[in-house]
Amino acid sequence: MGALDHLSNMFDCSSGNHKRHKQRKQMQTVEIKVKIDCEGCERKVRRSVEGMKGVTSVTIEPKQHKLTVVGYVDPQKVLSRVAYRTGKRVEFWPYVPYDVVAHPYAQGTYDKKAPAGYVRYDQDPSMNHFARANSTEIRYGYKF
């Protein structure tokens with residue numbers, strides 16, 4: 001190995017010795033369900049996420065108990081920050097319009113607490129809401 005090979009290896013940009021660049025986060029819309037009772041609660045929730053780095057807009061719908069954050073943020077960090085700063089129980093928005101779901105009134109899908117026109121959305125394919133009825137249900141079902 002000659003002197004030129006040694007120098008070219010020292011100044012080679014393709015080697016793994018240089019610092020890795022941070023990957024830029026993608027623009028995301030994060031929807032969170034948080035209980036909002038009054039204007040004070042709304043203000044507290046808004047202030048908890050407005051100061052985050054990467055947030056471009058914050059929308060709150062108090063009647064639906066819904067917070068929408070748009071920006072270059074990590075959804076899990078937004079959720080944990082709202083929970084920590086407000087002290088409220090929060091979760092990702094679990095509802096979808098009932099037109100999207102094949103059987104909106106199946107057991108486990110229909111939720112009385114859902115806003116009008118929405119049902120709870122379960123992404124777990126292992127849960128079968130239309131499981132086969134047991135023998136006692138079949139017996140009593142045939143009598144009527």
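Treat the numbers as computed from the prediction; the structure is a model and nothing was measured. Both backbone and side-chain heavy atoms feed into the values below; hydrogens, waters and symmetry mates do not.
Within a 6.0 Å radius of CD in Glu39, other residues, nucleotides and ligands contribute 12 heavy atoms or fewer. The number of heavy-atom neighbours closer than 6.0 Å to CZ of Arg47, taken from other residues, nucleotides and ligands shown, is 12 or below. Crowding of Lys66 atom NZ: a count of heavy atoms from other residues, nucleotides or ligands under 6.0 Å exceeding 12.
Note: the hydrophobic cluster containing Val30 does not contain Val70 (ILVMFWY, side chain heavy atoms under 4.5 Å, direct or indirect links). Hydrophobic clustering places Val58 together with Val78 (ILVMFWY residues linked when any side-chain heavy atoms are closer than 4.5 Å, directly or through intermediates). The cluster map of Ile, Leu, Val, Met, Phe, Trp and Tyr, joined by side-chain heavy atoms under 4.5 Å apart, puts Tyr95 and Val34 in different clusters.
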Mind running side-chain contact (heavy atoms from CB on, under 4.5 Å) on Gln64 and Trp93 for me, showing each step along the way?
CA-CA 10 Å; Gln64 290 187 344; Trp93 188 251; 4.3 Å; yes
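Considering CE of Met27 and OH of Tyr72, their distance stands at 4.0 Å, rounded to 0.5 Å. Rounding to the nearest 0.5 Å gives a distance of 9.0 Å between CG of Leu79 and CD of Glu91. Separating the CZ atom in Phe92 from the CD1 atom in Ile32 is a distance of 6.0 Å, to the nearest 0.5 Å. The distance from atom NZ of Lys33 to atom CZ of Arg89, rounded to the nearest 0.5 Å, is 7.0 Å. With rounding to the nearest 0.5 Å, the separation of CG in Asp74 from CD in Gln26 is 11.5 Å.
Between the side chain of Ser48 and the main chain of Val82, no donor-acceptor pair closer than 3.5 Å is present. For Arg81 (side chain) and Val49 (main-chain N/O), no donor-acceptor pair under 3.5 Å exists by modelled atom type.
Counting heavy atoms from C-beta outward, Lys35 and Cys41 have side chains that stay 4.5 Å or more apart.
When every heavy atom of Val90 is checked against every heavy atom of Ala83, the shortest pair comes out as CG2-CB, 3.6 Å.
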